[in-house]
Peer 1: 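Pasting a structure below so you can have a look.
All of these numbers come straight from a predicted model, not from anything done at the bench.
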Amino acid sequence: MSAALQLTAFGLALLSTVFLLLATCTDCWMVNADDSLEVSHKCRGLWRECVTNMQDGVRTCDQYDSILADHPVKIVVTRTLLITADLLAGLALATLLLGLDCIKFLKEEPRVKLKMCYGAGVILGIGSILGLVGSVWYAVDVYVERAMLVSRNIFLGVHYDFGWSCWLGMAGSTGCFMASVLLTCCLC
């Protein structure tokens, strides 16, 4: 039972970490939500903004000036939280991999391996909370920005909704949290 639970948690943690990494690196956190009259598809991410021409499929991206340049708070906070979540999830995966019963590392020390799995679950839980806070922070800021424009009857030609990268960040964080619960609550 324990080995199956460990492998399930490892698989879930691995998939969720990949989702978190993809969310951090991809550039569609906000997507334009205008009518079908649009001839281009606009995505804003944490690192750049891209526009895809819907008729010929040509995609152009503008990198943000610098990592250290003045950016909106939502971008800086989301970057920081997601990068930290990625690092913690990677550390948790490495620790969990060494703590699995099917790995020969420390085979004669089952209590140490169990503590490694438990520690990996705690680290994964912290990373998942940071990733979820970053993803939800960004989504709430997009919603508030849109609500402010609508309440003031301001239409700038383009308004944005949550993009697939935002949803991927939320899914990855949720999966990491579930793997953390499996490792911390169910293994003991």
Peer 1: With a 4.5 Å cut-off on side-chain heavy-atom distances among I, L, V, M, F, W and Y, is there a chain of contacts connecting Val18 to Leu12?
Peer 2: no
Peer 1: Under a 4.5 Å cut-off applied to non-hydrogen side-chain atoms, are Tyr138 and Phe162 in contact?
Peer 2: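 They are not in contact (no side-chain heavy atoms under 4.5 Å apart), so the answer is no.
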Peer 1: Any side-chain to backbone donor/acceptor pair from Ser16 onto Ala13? Under 3.5 Å, distance only.
Peer 2: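 Side chain of Ser16 to backbone of Ala13: no pair is present.
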Peer 1: Using modelled atom types only, decide if a donor and an acceptor are shared between the side chain of Lys74 and the backbone of Trp137 within a distance under 3.5 Å.
Peer 2: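 No, because the side chain of Lys74 does not come within donor-acceptor range (under 3.5 Å) of the backbone of Trp137.
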Peer 1: Where the side chain of Ser173 meets the backbone of Leu132, is there a donor-acceptor pair that is under 3.5 Å apart?
Peer 2: yes
Peer 1: Could you go through the side chain to side chain contact (heavy atoms under 4.5 Å, CB included) check for Trp47 and Ile75 one step at a time?
Peer 2: CA-CA 8 Å; Trp47 310 102; Ile75 288 179; over 6 Å; no
Peer 1: State yes or no: do Phe19 and Ile129 share one hydrophobic cluster built from I, L, V, M, F, W and Y residues joined by side-chain heavy-atom distances below 4.5 Å, directly or via other members?
Peer 2: no
Peer 1: Looking only at heavy atoms, what is the nearest atom pair of Leu183 and Ala120, with distance?
Peer 2: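 What the structure gives for the nearest pair is CD1-C, 4.4 Å.
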Peer 1: Counting N and O atoms only, with roles assigned by atom type, does the side chain of Ser180 sit under 3.5 Å from a partner on the main chain of Gly121, one being a donor and the other an acceptor?
Peer 2: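 Yes, because the side chain of Ser180 sits within donor-acceptor range (under 3.5 Å) of the backbone of Gly121.
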Peer 1: In the single-linkage hydrophobic clustering (I, L, V, M, F, W, Y; side-chain heavy atoms under 4.5 Å), do Trp167 and Leu82 co-cluster?
Peer 2: yes
Peer 1: Are Met116 and Leu93 co-members of a hydrophobic cluster defined by side-chain heavy atoms under 4.5 Å apart?
Peer 2: yes
Peer 1: Grouping I, L, V, M, F, W and Y whenever their side-chain heavy atoms are under 4.5 Å apart, do Leu97 and Leu14 come out in a common cluster?
Peer 2: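 Result: yes, single cluster for both.
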Peer 1: If you take all heavy atoms of Val133 and Leu81, which pair is closest and at what distance?
Peer 2: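 Closest pair (atom of Val133, atom of Leu81, distance): CG1-CD1, 3.7 Å.
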Peer 1: Measuring from atom CG of Leu88 to atom OG1 of Thr95, what distance do you get when rounded to the nearest 0.5 angstrom?
Peer 2: 10.5 Å
Peer 1: Run the side-chain donor-acceptor check on residues 22-30: report pairs under 3.5 Å with partners two or more places apart or on a different chain.
Peer 2:
residue, atom, partner, partner atom, Å
Thr24, OG1, Leu20, O, 2.9
Thr24, OG1, Asp86, OD2, 2.7
Thr26, OG1, Leu22, O, 2.7
Thr26, OG1, Ser165, OG, 2.5
Asp27, OD1, Arg59, NH2, 2.9
Asp27, OD2, Arg48, NE, 2.9
Asp27, OD2, Arg48, NH2, 3.2
Asp27, OD2, Arg59, NH2, 2.7
Trp29, NE1, Ala23, O, 2.9

Peer 1: Closest heavy-atom contact between Ala139 and Met170?
Peer 2: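 Looking at all heavy atoms of both residues, the shortest contact is CB-CE, 3.6 Å.
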Peer 1: For Gly169 versus Ser135, what's the shortest heavy-atom pair and its separation?
Peer 2: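 Closest approach of Gly169 to Ser135, heavy atoms only: C-OG, 3.4 Å.
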Peer 1: So does Phe177 have more than 12 non-hydrogen atoms from other groups sitting under 6.0 Å from CZ?
Peer 2: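 Open: at most 12 neighbouring heavy atoms sit under 6.0 Å from CZ of Phe177.
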Peer 1: Which heavy-atom pair separates Ala179 from Leu124 by the least distance, and what is that distance?
Peer 2: CB-CD2, 3.6 Å
Peer 1: Can you tell me how far OG1 of Thr17 sits from CZ of Phe10, rounded to the nearest 0.5 angstrom?
Peer 2: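 So the gap between those two atoms works out to 9.0 Å.
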Peer 1: Nearest heavy-atom pair of Cys117 and Leu96: which atoms, and what distance?
Peer 2: SG-CD1, 3.8 Å
Peer 1: Please tell me whether Cys50 and Cys61 are bridged, where bridged means their SG atoms are separated by under 2.5 Å.
Peer 2: yes
